[in-house]
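Remember, it's a predicted structure, so these values are computed and weren't measured experimentally. All residue numbers refer to positions in the sequence shown, counting from 1.
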Amino acid sequence: MKITVLGCGRWGTFHAWYADHIGHDVLLWGRPGSKHLSDLASSHHNEYLELPASINLTNNLKKAIAYANTIIISISAQELRNLATQISHETNHEGKRFILCMKGLETGTGKRLTTVFKEVLGDDVPVAVWVGPGHVQDFLKGIPNCMVMASNDMDLAKEFVNELSSPLIRFYYGEDLLGTEVGAAAKNVIGIAAGMLDGIGYCSLKGALMARGTRELSRLIEAMGGDKMTVYGLSHLGDYEATLFSLHSRNRRCGEQLIRTGVLDEKAEGVPTSAALIYLSQKYDIELPICETVYAIVYKHADPKEQLTKLFLRSVKAEMS
């Protein structure tokens with residue numbers, strides 16, 4: 001099978017490497033002027049991996065879309081609408097199948113990424129999301145993990161699972177696209193909170209963070225029309241180890257770095273997602289204490305220790321309320 005990967009950052013290059021690794025023909029696209037693409041063109045490797053010579057590179061979007069029927073998109077979540085607009089205006093995407101490999105919600109609207117994509121390319125575009133636990137560094141060491149492929153089209157999800165599963169990545173198919181997308185995005189906000197706990201030396205509260213984090217997100221997913229139990233699957237709770245504890249986790253590092261140095265990594269996916277979740281909490285009238293705390297610290301510069309202490313020492317209430 002021919003596969004095009006759009007995006008040549010850390011995860012984009014991994015998705016290209018992985019597709020080639022399991023026997024597919026791969027073309028990797030990066031934007032014109034991309035430093036990542038320029039470095040790959042000159043050396044065929046980055047700080048994480050070496051791309052096989054069999055993977056071709058291009059900055060021509062029209063050529064990239066024409067190359068394959070399966071298009072994997074691995075870019076910043078907040079750039080998806082712009083890229084989808086380019087695809088719509090500059091390429092013939094008819095008959096193409098898309099997999100979105102980002103975890104986020106659109107800021108300002110709180111919209112899920114498949115919603116954004118379909119708004120631009122049309123409701124009939126075949127699209128799935130690929131999310132779940134794992135780090136590039138671990139996969140490249142041969143350490144396997146389980147991930148999830150979700151879509152509103154179960155036949156499409158199962159096709160992708162069959163075509164992309166391997167001993168390195170065991171795929172499950174997700175039957176609740178809404179819950180999968182919201183859970184995958186929100187776990188990055190919980191990851192920032194975990195890093196903040198690391199930064200102030202309150203690591204022991206991560207257990208409470210996990211228990212309460214899943215609870216508040218389950219309420220939001222249910223209010224939005226999804227299955228509240230999806231949050232306990234691979235897209236959210238199943239990704240906590242990789243996001244809340246791993247030294248490779250960018251979102252965890254973002255929270256810890258903010259506490260220790262005062263510097264915010266604005267490219268960490270959980271930063272804009274926290275703002276999107278506050279929008280959704282107001283829209284659906286659902287209280288999201290952890291997300292609200294992260295938002296207050298990140299965007300309103302509230303005192304981290306005071307906010308985190310207040311969060312976990314709230315007034316007495318039933319555990320599952």
Side-chain angles (χ1 to χ4, degrees), residues 1-29 40 44-57 67-75 97-103 126-151 153-177 179-181 183-184 187-188 191 230 232-250 252:
M1 186 170 71
K2 287 186 174 182
I3 293 178
T4 287
V5 178
L6 304 181
C8 57
R10 174 183 48 161
W11 277 106
T13 50
F14 170 75
H15 288 121
W17 175 90
Y18 176 73
D20 176 89
H21 177 70
I22 61 175
H24 301 298
D25 297 327
V26 181
L27 178 66
L28 177 61
W29 172 88
L40 289 170
H44 237 59
H45 69 80
N46 58 22
E47 62 180 302
Y48 301 101
L49 57 81
E50 181 169 352
L51 286 178
S54 53
I55 296 177
N56 294 311
L57 307 173
Y67 177 80
N69 288 330
T70 299
I71 316 295
I72 294 174
I73 302 181
S74 184
I75 61 171
R97 310 179 304 165
F98 294 88
I99 306 175
L100 308 182
C101 296
M102 306 86 74
K103 302 168 183 177
V127 60
V129 299
W130 169 356
V131 296
H135 288 292
V136 170
Q137 297 92 326
D138 292 334
F139 283 130
L140 293 171
K141 292 177 182 177
I143 301 172
N145 216 322
C146 299
M147 305 187 84
V148 62
M149 193 77 67
S151 176
D153 181 344
M154 279 297 96
D155 289 337
L156 179 68
K158 291 177 181 179
E159 285 176 15
F160 285 141
V161 166
N162 290 333
E163 293 163 355
L164 294 169
S165 289
S166 76
L168 187 59
I169 299 179
R170 161 75 182 275
F171 281 101
Y172 293 81
Y173 58 86
E175 298 178 292
D176 173 27
L177 179 61
T180 298
E181 287 191 87
K187 64 91 188 175
N188 287 325
T230 302
Y232 299 100
L234 288 167
S235 67
H236 189 80
L237 178 61
D239 208 348
Y240 271 7
E241 186 280 330
T243 308
L244 276 62
F245 296 93
S246 174
L247 296 178
H248 300 315
S249 170
R250 184 170 192 170
R252 192 206 61 77

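Taking both residues in full, the closest heavy atoms of Ala68 and Lys2 are given as CB-O, 3.2 Å, listed atom of the first, atom of the second, then distance. For the pair Pro167 and Pro144, the tightest heavy-atom approach, listed with the atom from each and the gap, is O-CB, 3.6 Å. Nearest heavy-atom pair across His45 and Glu50 is CB-CA, 3.6 Å. Residues Tyr173 and Val148 approach most closely at C-CG2, 4.1 Å, considering heavy atoms. Across all non-hydrogen atoms, the minimal contact from Met147 to Gly132 is CE-O, 3.5 Å. The heavy-atom pair separating Leu57 from His44 by the smallest distance is CD1-CE1, 3.9 Å.
Residues passing the side chain to side chain contact (heavy atoms under 4.5 Å, CB included) test with Pro52, sequence neighbours excluded: Trp17, Asp20, Ser54, Ile55.
In this structure the side chain of Asn145 never reaches within 4.5 angstrom of the side chain of Asp138, judged on heavy atoms. Residues His236 and Thr230 fail the side-chain proximity criterion, which asks for heavy atoms closer than 4.5 Å. At least one side-chain heavy atom of Leu247 sits less than 4.5 Å from a side-chain heavy atom of Arg252. Between Ile99 and Met149, the closest side-chain pair of non-hydrogen atoms falls below 4.5 Å. Here the side chains of His15 and Ile3 are not in contact, with every heavy-atom distance at 4.5 Å or above. Side-chain contact check for Leu234 versus Tyr172: some heavy-atom pair is nearer than 4.5 Å. Under the 4.5 Å side-chain criterion, counting only non-hydrogen atoms from C-beta, Arg10 is not in contact with Ser74.
Distance CD1/Ile73 to CG/Leu6: 5.0 Å, rounded to 0.5 Å. Atom CZ of Phe139 and atom OH of Tyr48 lie 14.5 Å apart (nearest 0.5 Å). Taking CG from Leu168 and NZ from Lys141, the interatomic distance works out to 13.5 Å, rounded to the nearest 0.5 Å. Taking NE2 from His21 and CD1 from Ile169, the interatomic distance works out to 9.0 Å, rounded to the nearest 0.5 Å.
Without hydrogens or angle criteria, Thr243 side chain to Tyr240 main chain gives no donor-acceptor distance under 3.5 Å. Within the 3.5 Å criterion, the main-chain N or O of Leu164 finds a donor-acceptor partner in the side chain of Tyr18. The backbone N or O of Arg97 lies less than 3.5 Å from no partner atom in the side chain of Thr70, so there is not a single donor-acceptor pair.
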Requested in this report: Output, in order, the C-alpha distance, side-chain angles, deciding distance and verdict of side-chain contact (heavy atoms from CB on, under 4.5 Å) for Leu51 and Val26.
Outcome: CA-CA 11 Å; Leu51 286 178; Val26 181; over 6 Å; no

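None of Phe14, Phe160, Phe171 except one satisfies the ring-ring contact (aromatic ring centres under 6.0 Å, His included) rule with Trp130; the exception is Phe171.
Applying the salt bridge (charged side-chain N to carboxylate O under 4.0 Å, His left out) test to every pair with at least one member in residues 236-250, sequence neighbours left out, gives these pairs: Lys103-Asp239, Lys187-Asp239, Arg250-Asp265.
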